[in-house]
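Quick caveat: nothing in here was measured; it's all calculated off a predicted structure. Ligands are counted one by one from 1 in listed order, and the atoms in each one are counted from 1 as well.
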Amino acid sequence: MNIPRKKWTVWGAAVFCVPLLFAGCHPALEYQETTIYAMDTLLQFDILASGDSDIGEQMRAEVERVDRLLSATNLDSELYQLNHREASSSTASEELAGILSDCLAISRQTDGALNIALYPVTQAWGFVSGDYHVPDATVLSDAMEKIHWEDMQVEGTQIQLPEGMELDLGAVGKGYLTDCCVEILRDNQVESALLDLGGNVYAYGRKEDGTSWRIGIQMPFQDSLAGSLTVEDEAVVTSGTYQRYFEEDGQRYHHILDSETGYPVENGLESVTIVTENGFLADALSTSFFVMGLEKSTAFWQEQFPDVGVVWITSQGEVYCTKNLEERFQPSDGVECQIIGEA
Ligand code: AMP
Ligand code: MG
């Protein structure tokens, strides 16, 4: 039988299209998983999209773009070039200058709890190279000479850094990247996604079944959760001692450092989690609140950021959360949560 090819094509197209017609002629949506290793972290994105969508590739390109902007270790990044400048004054891109200026505003607000100029001290501890060790006293005091963030200036795109100063955006980079990725989801009219950037989660929209996302908060150094948060279109960002640390002579040293001492912050806190719509702010505040400690950061929260949600966990395993999270934070069985901000 000699059936003209064209006819087969028509029938083929019809058979293929019937299920699509019943489905409203939209290709089926499924969570597409994209895994990327960047910023020293495994990034995992679950995005509700059709199988032929290029959303994963768009995210991958954005991660690379932001890494080339903010990484302190990528030799091709703009921040690396700034750290290895030849003159005291440099011209940065508007994007980098904007981030630096936002960081400085938070440093001023937090009395230097957030200090993006701490990089020489972070390096002295081996947190950059992976050669972790307690630094020699002279090495540390030399590094401490170079971390005076008040001496850096950002005017428009002109950046002025004192000699020897090097910047590290590790405290805010993943939060900034989160916001960039969320913008791509919006541009692509994505309705539901979960972005996990290791310690930085963004719950975009609702789950496919229409319910809100639930994000677990880890009990530091335990294989259990302190509780879980119900969230929607919000970042949930945790800064904690357990996320990066090493042990020397039986003592544990973690990666969030105190500009006053040059040593890891020791204030009885083990983690701080921030819940708010903006990923950059959540990341900047999680580090800042952690450095400030429980007492100072609860007062600061009440005065400056009462709309942001916060969960603090102490080394005694005590859990505190702000009143605005009372309905949305479910402590695990046996965990008691004390509410901050009660009248
Ligand atoms: P995070 O996990 O967001 O709290 O950020 C911690 C990272 O920020 C560290 O790994 C360092 O790269 C950097 N860092 C450490 N201490 C500070 C600090 N006091 N201010 C700003 N950045 C810091
Ligand atoms: Mg942070």
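Counted by atom type alone, Thr91 and Gln158 present one or more donor-acceptor pairs between their side chains at under 3.5 Å.
Taking the charged nitrogens against the carboxylate oxygens, Arg65 and Glu95 do have a contact shorter than 4.0 Å, which makes a salt bridge. A salt bridge does not link Glu183 to Arg186: none of the charged side-chain nitrogens sits closer than 4.0 Å to a carboxylate oxygen.
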Tabulate distances under 3.5 Å between N/O atoms of ligand 1 and N/O atoms of the protein, writing both atom names on each line.
from: ligand 1; atom 1: 3 (O); to: Ala171; atom 2: O; distance (Å): 3.3
from: ligand 1; atom 1: 3 (O); to: Asp283; atom 2: OD1; distance (Å): 3.0
from: ligand 1; atom 1: 3 (O); to: Thr287; atom 2: OG1; distance (Å): 3.1
from: ligand 1; atom 1: 4 (O); to: Ser239; atom 2: OG; distance (Å): 2.6
from: ligand 1; atom 1: 4 (O); to: Thr287; atom 2: OG1; distance (Å): 2.7
from: ligand 1; atom 1: 8 (O); to: Ala171; atom 2: N; distance (Å): 3.3
from: ligand 1; atom 1: 10 (O); to: His255; atom 2: ND1; distance (Å): 2.9
from: ligand 1; atom 1: 12 (O); to: Asp168; atom 2: OD2; distance (Å): 2.6
from: ligand 1; atom 1: 16 (N); to: Leu257; atom 2: N; distance (Å): 3.0
from: ligand 1; atom 1: 19 (N); to: Ala113; atom 2: O; distance (Å): 3.1
from: ligand 1; atom 1: 19 (N); to: Leu257; atom 2: O; distance (Å): 2.9
from: ligand 1; atom 1: 20 (N); to: Asn115; atom 2: N; distance (Å): 2.9
from: ligand 1; atom 1: 20 (N); to: Asn115; atom 2: O; distance (Å): 3.4

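Interatomic distance, Ile159 CD1 to Leu79 CG, rounded to the nearest 0.5 Å: 10.0 Å. With rounding to the nearest 0.5 angstrom, the OG1 atom of Thr35 is 4.5 Å from the CD atom of Gln44.
Ring pair Trp125/Tyr263 is perpendicular by interplanar angle, where above 60° counts as perpendicular and below 30° as parallel.
Geometry about the Mg ion (ligand 2) gives an angle of 100° between OG1 of Thr287 and O of Ala171, rounded in steps of 10 degrees.
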